[in-house]
2 protein chains.
Amino acid sequence: METYSIGDLSRATGVKATTIRFYEAEGLLPTASRTAGGHRVYDLAHLDRLGFIRHARQLGFGMEDIRELLRLADAAPEAPCEGADAIARRHLAAVRERLARLRSLEAELERMTYCHNGRVAECRVIEVLTDAAHGHCADPTHGGPDR
Amino acid sequence: METYSIGDLSRATGVKATTIRFYEAEGLLPTASRTAGGHRVYDLAHLDRLGFIRHARQLGFGMEDIRELLRLADAAPEAPCEGADAIARRHLAAVRERLARLRSLEAELERMTYCHNGRVAECRVIEVLTDAAHGHCADPTHGGPDR
DNA sequence: TATGGGACTTCCAGTGACTGGAGGTTCAAG
DNA sequence: CTTGAACCTCCAGTCACTGGAAGTCCCATA
C-alpha cells in the first residue's frame, strides 16, 4: 500500500504540515501511524479526509461543523442526512447575513472615499468617523458582529 | 465639566466596559483620570473618541488602521489627508474582495443544499465535500483567506 | 559506511479583537 | 452605616491556525 509523509500530504493538498498536525490534535484527522523514528505515515484514506476538511474550510465551515459533517460522512450510507443539510443551510444563512453587512459597508466606504487630496479639515473619511460620535450614521445594517 | 463613569460611557456608546478598558490598554483611548478610589473618570472628549473608534470598527477597520486614522484626525486641520483616504481605499478594496469570495461561497452552498431528506449515500452536501478530495471543484474563487 | 542537510518531531507563544470569570474594592442610595 | 451594584486588576479562553526554537530522523550521495 502506498504511504505518504506529512510533507507529501502537505504538497498534495496545499495544507501546511503544521496545520495537518493541528487537525490531528483536534481530532479531525485520525492519528497517523509512525515510523520507528516517530515520523507520521499516511495513506489514501488520510488524503481523502484531508481534502474533505480543506474544502469544507474553504467553504467557511467552522471546525465544530466539520467534525459533525465528518461524523455524518462516516455514518452508514443509508442513514438520513438531515444533519448535513441543516449544517449547510445554517451556514448559508450566516454567509448571506455577512454578505448583506459587507454590501452596506461597501456602500458607506464608497461614500466616504470621495475625499481627494483635501486637507484634514475637509476630509470626508475623518468627518464621517467623527460625526458618528453624534449618531449621524443613517444605516445601522453594519452594526452586527463583523468578519 | 460633566464627567462619566465607565458604565455611563458604555451605555452611551454600546461598547462594553471591558472593551473600553481594552482600548485604553491598547492606546486607542487616552488614559482616563481616576477617582481617589481608582475608578476611571471620563469627559466629553473621551465620549467622542470612543464613538469614532466604534464607528470605525463597525466599518471593519482594524485597530492598526484606527490608530492611524486617530493620529490623522488629531493632526492640524490644514494637514493633508491623503493618509486617511489611502486607508479607506485600501479597506474598500479588501471589502470588495471579501464580497467576491462570499458571493462564490453563497453560490456553491446554494448548489449543495438541494439535498432534502435524502440518505447519506445521495447527500449532495457530503458528496460535494468528498469529491473535493479529487479536485472536482470548478470554482477556485473561494480559495483565499476567508472571514 | 559515513555524512550532510532537508524533513521531521514536540512544545509553546503569538495573532485580532475582544470576552468572561475570579476575587477583591469602591461608590452612592437609603 | 449598610447594602449591593458597579468598579478594579489580572488572567485565561476564543478561532483556526502560524512561526520559532531546539532537537531528531531519513535518505541520497560519496
Side-chain angles (χ1 to χ4, degrees), chain A residues 3-29 31-42 46 50 52-70 91 94 98 101 142-147, chain B residues 3-29 31-42 46 50 52-70 91 94 98 101 142-147:
Chain A
T3 61
Y4 311 91
S5 72
I6 198 170
D8 295 335
L9 222 62
S10 175
R11 274 181 296 280
T13 60
V15 178
K16 293 189 181 172
T18 41
T19 306
I20 295 174
R21 283 190 280 265
F22 171 73
Y23 285 158
E24 181 181 321
E26 294 297 308
L28 294 191
L29 272 179
T31 55
S33 48
R34 304 287 184 126
T35 66
H39 287 204
R40 286 171 179 81
V41 178
Y42 298 98
H46 290 99
L50 186 52
F52 185 107
I53 295 168
R54 190 183 91 110
H55 196 205
R57 281 296 301 134
Q58 284 174 347
L59 287 173
F61 289 98
M63 303 213 343
E64 215 36 68
D65 283 346
I66 294 177
R67 237 182 284 275
E68 179 71 8
L69 287 169
L70 283 169
H91 185 52
R98 281 207 279 151
R101 269 205 309 281
H142 47 267
D146 189 41
R147 297 164 167 267
Chain B
T3 62
Y4 311 90
S5 71
I6 198 169
D8 294 337
L9 223 59
S10 177
R11 274 181 295 280
T13 61
V15 177
K16 293 188 181 172
T18 42
T19 305
I20 295 174
R21 284 190 281 263
F22 171 73
Y23 286 158
E24 181 181 321
E26 293 299 305
L28 294 191
L29 272 179
T31 53
S33 47
R34 304 283 185 129
T35 63
H39 286 202
R40 286 172 180 80
V41 178
Y42 298 98
H46 290 99
L50 187 53
F52 186 106
I53 295 168
R54 190 183 91 112
H55 197 204
R57 281 297 300 135
Q58 284 173 345
L59 287 172
F61 288 99
M63 303 210 347
E64 213 35 68
D65 283 345
I66 294 177
R67 239 183 283 275
E68 179 70 7
L69 287 169
L70 284 168
H91 184 54
R98 280 207 280 149
R101 268 205 310 281
H142 48 265
D146 186 44
R147 296 163 169 267

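Not measured: the values here are computed from a predicted model. Per chain, numbering begins at 1; letters A, B, ... match sequence-line order.
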- Query: Between D/dA16 atom P and A/Ile53 atom CD1, what is the distance in whole Å?
  - Reply: 12 Å
- Taken to the nearest whole Å, CG/B/Leu50 to P/C/dC18 is 11 Å
- Positions of residues 6-19 of chain A (non-hydrogen atom under 4.0 Å from DNA chain C), listed by number: A/Ile6, A/Gly7
- D/dA6 P sits how many Å from B/Tyr42 OH, rounded? 16 Å
- Item | A/Ser5 side chain near D/dC26 phosphate (N/O to OP1/OP2, under 4.0 Å) | no
- With nearest nucleotides of DNA chain C determined for B/His39 and A/Gly38 from heavy-atom distances, which residue corresponds to the more 5′ nucleotide? A/Gly38
- Shortest non-hydrogen pair, B/Leu70 vs B/Leu28, comes out as CD1-O, 3.7 Å
- Query: Given the rule in the salt bridge (Lys or Arg N to Asp or Glu O under 4.0 Å) test, do A/Glu24 and A/Arg21 qualify, once you have shown the distances and angles that lead to the verdict?
  - Reply: CA-CA 5 Å; A/Glu24 181 181 321; A/Arg21 283 190 280 265; over 6 Å; no
Tabulate protein N/O versus nucleotide N/O from nucleotides 12-14 of chain C, keeping only pairs under 3.5 Å, one per line.
none

- Taking the side chain as every heavy atom from C-beta outward, state whether B/Thr19 and B/Tyr23 have any atom pair closer than 4.5 Å. yes
- Message: Please check: side-chain N/O of A/Thr3 versus main-chain N/O of A/Tyr42, any donor-acceptor pairing under 3.5 Å?
- Response: no
- Of all heavy-atom pairs between B/Ala17 and B/Ser10, which one has the smallest distance, and what is that distance? N-OG, 3.7 Å
- Query: Side chains of A/Arg40 and A/Arg34: closer than 4.5 Å at any heavy-atom pair?
  - Reply: yes
- Message: Test your reading of the model: is there a side-chain donor-acceptor pair from B/His91 to the backbone of B/Leu59, 3.5 Å cut-off?
- Response: yes
- Message: Measure CE/A/Met63 against P/D/dA16 and give the value in whole Å, please.
- Response: 6 Å
- Pairwise side-chain contact, A/Gln58 with A/His55, heavy-atom cut-off 4.5 Å (strictly under): yes
- B/Arg40 side chain N/O closer than 4.0 Å to the phosphate oxygens (OP1, OP2) of C/dC27? no
- Query: So do B/Ile53 and B/Thr13 actually touch side chain to side chain, heavy atoms under 4.5 Å?
  - Reply: no
- Near-strand residues of residues 20-29 of chain B, defined as heavy-atom separation under 4.0 angstrom from DNA chain C: B/Phe22, B/Tyr23
- Message: Could you check whether any side-chain heavy atom of B/Val41 comes within less than 4.5 Å of a side-chain heavy atom of B/Thr35, counting everything from C-beta outward?
- Response: yes
- Quick one: does B/Arg67's side chain get under 4.5 Å of B/Met63's, heavy atoms only? yes
- For the pair made of CZ in A/Arg54 and P in D/dA16, what is the distance, rounded to whole Å? 17 Å
- Item | Length of the CD-P vector between A/Glu64 and D/dT14, whole Å | 11 Å
- Query: Nearest-Å distance, CZ (A/Arg34) to P (D/dC25)?
  - Reply: 12 Å
- Query: Rounded to whole angstroms, how far apart are CG on B/Leu59 and C1' on C/dA17?
  - Reply: 16 Å
